[in-house]
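Below you'll find the structure, written out as structure tokens, and then a few comments.
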Amino acid sequence: MNRTADVFETRFRGHMDELKWLYMELYENEEMYAELCGGMRRFYEARNKDLKKLDLEREAQPDWYKKNDMLGMMFYIDNFAGNMKGIQSKLDYLEKSNVNYIHLMPFLDTVDGRSDGGYAVADFRKVKEELGTMEDLEALTAACHEKKMNICMDFVMNHTSEDHEWAKKARQGDEEYQSRYFFFKDFSVPALYENTVPQVFPTTAPGNFTWLPDAGKYVMTTFYPYQWDLNYRNPRVFNEMMYNFLFLANKGIDIFRIDAVPYIWKELYTSCRNLPKVHTIVRMMRMIGEIVCPGILLLGEVVMEPEKVVPYFGTVEKPECHMLYNVTTMATTWHTVATRSVRLLKQQLDIVNGLPKEYVFLNYLRCHDDIGWGLDYASLMQEGIGERSHKQYLNDYFQGFAGMSNSRGELYNADPLTGDARFCGTTASMCGIEKALSEQDAQALEKAVRLDVMLHAYMFMQSGIPVIYGGDEIGRLNDYTYKDNPNKAADSRYIHRGAMDWKAAAQIDDTSTVAGKIFSRLDRLEKIRKTEKVFMADADTWTIDTWDESTLCIGRYYEGEKLLGLFNFSECDKMAWINETDGMYVDMISGQPMKASGINIPAYGFYYLKRK
Ligand code: GLC
């Protein structure tokens with residue numbers, strides 16, 4: 001046996017018992033299990049030597065992603081740079097933006113008009129033609145690795161597009177392929193599901209099933225009607241999807257964002273969310289990754305309340321995802337912007353800070369999706385704030401209707417039945433930059449920019465990996481042109497999925513421009529974050545009472561170093577009544593020595609105070 005085979009064998013032996021146990025528990029199918037093992041070996045053998053080298057390095061340093069040096073950015077390839085090759089030509093800009101983790105939004109083959117922004121994959125092994133080829137992807141990941149950058153992609157495993165080869169065969173009546181999805185000859189079983197399964201897109205795609213006149217059957221479609229849910233009860237589906245995952249890993253992908261992972265297992269009489277078997281599948285995927293390509297990371301997309309998110313980390317002995325989105329913190333941040341009250345946010349941060357430090361969260365202000373107002377309403381209720389009226393307030397506020405709002409944006413999937421709605425808009429527009437620019441109000445603009453930068457400063461203060469939504473580094477505004485495109489008009493998420501403004505990006509060194517102001521201020525913060533070890537993911541983190549409704553204080557401590565972050569979420573100057581008596585501090589932005597007691601924070605301002 002040669003040396004490389006030994007590496008595989010050793011890794012395989014480390015997981016063999018558990019993997020087989022879980023597989024058999026789910027599928028009771030020796031033959032398919034043996035096939036999976038053979039497949040893993042083949043993908044291992046096909047993995048190129050540079051990637052294998054990276055695997056070994058990362059295996060030797062399993063905490064490689066848990067430091068303070070990662071900064072992510074996410075964007076659509078066409079919006080950002082036309083195609084894959086274009087991205088390669090923008091790597092210098094990304095480096096200048098201090099970014100070393102790039103999330104390329106879905107780029108696999110999909111059909112325009114039925115793409116859900118690329119989340120309806122027609123072929124997992126083909127890049128969408130306009131964006132390039134698999135060779136381009138390989139060249140891009142290799143170029144990124146040269147620059148020590150990581151590439152993240154979406155692995156959309158809950159469903160395929162109706163244009164996927166399996167779906168086409170299923171539609172033509174092939175029962176083997178129908179068994180890879182959920183097909184029903186009449187609505188009796190779907191009706192039972194509908195009793196307990198909530199809707200993801202109540203307005204744009206009501207219901208969870210779609211009638212296929214040509215097949216004469218119903219198919220399960222949790223998301224859009226053209227996104228057919230895969231049936232993971234079928235081991236063929238699991239095996240093939242794992243081969244797709246390993247195929248993409250071998251193209252040099254570092255981070256897999258497992259799209260819509262809570263949905264991948266369905267059972268009658270349940271909500272079909274977060275079922276125990278979902279965890280079996282994710283755990284198997286983690287082990288398969290650790291055997292074949294241990295350099296990769298799994299990022300779970302679990303857009304749910306904290307108690308549902310955390311189980312996706314698995315346990316210390318049996319980990320599942322490496323990283324998860326800090327989604328409740330994100331939504332609570334915008335609640336804080338709209339209410340000028342940090343109470344709920346402080347409580348939310350205390351929950352996250354109380355979790356084991358091994359857990360790595362992905363922190364963000366905005367992403368490609370809407371903001372769902374998943375807040376801790378039980379706590380808000382104690383202050384007399386009801387869920388329905390509060391969501392209404394938040395949606396009014398961010399549309400710019402309510403009292404003190406300068407925000408701009410649009411509702412998403414407003415459900416007339418429940419009165420529920422989510423919200424879309426870019427960070428800059430939600431902070432008031434769009435309104436101030438259109439009203440040519442210089443003072444308001446300065447305030448809006450301050451809010452935007454303060455929010456980033458606060459986001460960087462959290463442990464984990466911050467990911468900037470591409471364009472936010474230069475204050476990208478809402479883009480209303482999606483309304484002119486019939487393929488996009490019905491989906492308001494496109495308002496914040498506009499094209500990168502390279503004219504504005506050319507002005508990043510000119511601090512009289514909005515782009516220059518935001519870019520330069522973020523640049524400073526990003527550099528501080530990467531060089532100060534107090535930002536290490538496993539630092540102690542806590543909140544400190546400021547005795548003021550609108551100001552938040554976060555403390556960080558790591559190996560003798562201490563940092564206080566003070567953030568003012570109000571448009572008025574505020575006093576933070578903290579009193580840390582352990583010596584003098586220095587403001588890391590201005591270099592001014594300061595006492596950490598009774599601090600006046602200017603409107604939408606912040607301080608990073610480091611203990612001397
Ligand atoms: C995820 C994506 C979202 C998409 C959905 C269906 O939630 O973030 O954009 O619509 O999955 O794939």
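Counting starts at 1 for both ligands and their atoms, in listed order.
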State the atoms of ligand 1, each with its element, that fall below the 4.0 Å cut-off from a heavy-atom position in [X].
X: Phe201; value: 10 (O)
X: His159; value: 6 (C), 12 (O)
X: Phe223; value: 5 (C), 6 (C)

Can [X] and [Y] be counted as having a side-chain donor-acceptor contact under 3.5 angstrom?
X: Thr160; Y: Tyr181; value: yes
X: Asp415; Y: Thr203; value: no
X: Thr110; Y: Ser115; value: no
X: Asn478; Y: Tyr480; value: yes
X: Asn83; Y: Glu130; value: no
X: His368; Y: Tyr119; value: yes

Return the closest protein heavy atom for [atom] as residue, atom name and distance.
atom: atom 7 (O) of ligand 1; value: Glu301 OE2, 2.9 Å
atom: atom 10 (O) of ligand 1; value: Asp116 OD2, 2.7 Å
atom: atom 11 (O) of ligand 1; value: Asp259 OD1, 2.9 Å
atom: atom 8 (O) of ligand 1; value: Asp369 OD2, 2.4 Å

### Task
Quick one: look at Met157 and ligand 1, take heavy-atom pairs under 4.0 Å, and tell me if it's side chain, backbone, both or neither.
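Neither; nothing of Met157 gets under 4.0 Å from ligand 1.
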
### Query
Any idea which part of Tyr263 is under 4.0 Å from ligand 1, heavy-atom wise: side chain, backbone, both or neither?
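It is neither; nothing of Tyr263 touches ligand 1.
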
### Query
Between Phe313 and Phe361, what is the ring plane arrangement, given parallel below 30°, perpendicular above 60°, and tilted in between?
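Geometry flag for Phe361 against Phe313: perpendicular rings.
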
### Task
Would you check whether Met105 reaches within less than 4.0 Å of ligand 1, judged by its heavy atoms?
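Per 4.0 Å heavy-atom rule, Met105 does not contact ligand 1.
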
### Query
Can a non-hydrogen atom of Tyr224 be found less than 4.0 Å from any atom of ligand 1?
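In this structure, Tyr224 fails to qualify as a contact of ligand 1 - no heavy atom is under 4.0 Å.
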
### Task
Measure from the ring center of Tyr263 to the ring center of Phe223 and say whether it is less than 6.0 Å.
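Yes, the ring of Tyr263 comes within the 6.0 Å limit of the ring of Phe223, centre to centre.
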
